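Please read all numbers here as calculations on a predicted model, not as lab measurements. Reminder, nothing fancy here: chain letters follow the sequence lines and each chain counts from 1. All heavy atoms count here, side chains included; hydrogens, waters and symmetry mates do not.
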2 protein chains.
Amino acid sequence: MSASDHLNHFCSENICPCQEKCPLSTALGIIGGKWKIPILCALNYDGPTRYNALRKKIKGVTNTMLVTSLKELEADGLVLRTQYNEMPLRVEYKLTENTNNLLPILGNLTVWGKEIEN
Amino acid sequence: MSASDHLNHFCSENICPCQEKCPLSTALGIIGGKWKIPILCALNYDGPTRYNALRKKIKGVTNTMLVTSLKELEADGLVLRTQYNEMPLRVEYKLTENTNNLLPILGNLTVWGKEIEN
DNA sequence: GTATTTAGTCTTATTTTTCTGAGTAATTTA
DNA sequence: TAAATTACTCAGAAAAATAAGACTAAATAC
């Protein structure tokens with residue numbers, strides 16, 4: 001059976017099966033981890049949100065994990081941190097434009113997850 | 001800002017933001033872990049494949065991890081294990097029909113991953 | 001001048017995941 | 001009879017991820 005018999009090559013042209021770092025593993029690395037999806041989901045659901053509000057909204061998250069995850073999401077360009085130098089300090093997090101292409105894909109994954117749960 | 005202002009709710013209706021177990025986390029749990037994607041990718045690329053062939057194809061995987069991952073994928077209904085009682089024993093793994101809906105989604109994630117890498 | 005709020009930091013555990021590498025049973029090949 | 005192949009299993013170690021919880025600085029409110 002040759003490679004061209006398959007319609008759904010989800011990974012890269014000639015380096016399948018994912019023996020090297022591929023875009024798919026990049027993507028899953030970015031949204032992987034215990035708190036990334038809850039954060040994205042909260043920001044998508046409620047729009048720009050302050051640090052402490054996020055912490056209250058996302059049940060069970062600790063400072064350590066929330067800070068770490070937000071920093072990673074920011075570094076990966078999915079989340080924007082905006083600091084307002086008021087007193088008391090206000091810091092808001094929101095999704096970036098980059099995330100717009102991701103959300104429908106997560107929607108599809110959600111549908112698939114529902115199907116497989118049954 | 002009300003919830004209905006958002007077009008892309010990727011998670012469940014009224015339990016956002018993912019405070020409970022949601023279909024999206026189910027989906028990511030199934031395809032998460034270091035070796036799941038390489039396995040799915042190899043099986044998608046080459047069709048039904050024997051255990052030792054998989055092990056050779058997927059660089060760096062150990063018996064422990066390959067067996068564990070294959071068992072989980074089988075339990076989640078993504079991979080089918082077929083045993084032929086020849087001598088020497090032949091065991092083949094292949095993707096199930098269930099996986100067909102998943103592959104295009106992974107394709108989309110791959111495209112997104114490529115974009116974000118640049 | 002004491003307490004509170006905000007957005008975190010820091011250090012030390014604990015848990016989870018992954019790796020290492022040897023071992024196994026059944027059978028065929030040399 | 002020895003070596004090789006197949007599809008694994010298993011115990012222990014190392015590495016990575018996550019958790020717990022105390023602590024901080026700057027400022028305002030009481």
Nearest-0.5 Å distance that lies between atom CG in Leu95(A) and atom CG in Leu73(A):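 The distance works out to 9.0 Å.
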Chi angles and distances behind the salt bridge (Lys or Arg N to Asp or Glu O under 4.0 Å) call for Lys94(A), Glu92(A): CA-CA 7 Å; Lys94(A) 62 175 179 180; Glu92(A) 279 187 354; over 6 Å; no
If you define the side chain from C-beta out and look only at heavy atoms, does anything of [X] sit under 4.5 Å from [Y]?
X	Y	result
Glu74(B)	Leu80(B)	no
Arg55(A)	Asn63(A)	yes
Val79(A)	Tyr93(A)	yes
Trp35(B)	Thr68(B)	no

Chain B contact limits on DNA chain C, taken 5' to 3' with a cut-off of 4.0 angstrom to heavy atoms: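 Listed 5' to 3', the contact boundaries are dT18(C) to dT27(C).
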As a quick check of understanding, evaluate side-chain contact (heavy atoms from CB on, under 4.5 Å) for Leu102(B) and Leu109(A), giving each step before the final call. CA-CA 8 Å; Leu102(B) 177 63; Leu109(A) 258 185; 4.0 Å; yes
Which parts of nucleotides 6-22 of chain D does protein reach within less than 4.0 Å, heavy atoms only, written one letter per nucleotide 5' to 3' as B for base, S for sugar-phosphate only and - for none? SBBBBB------SSBB-
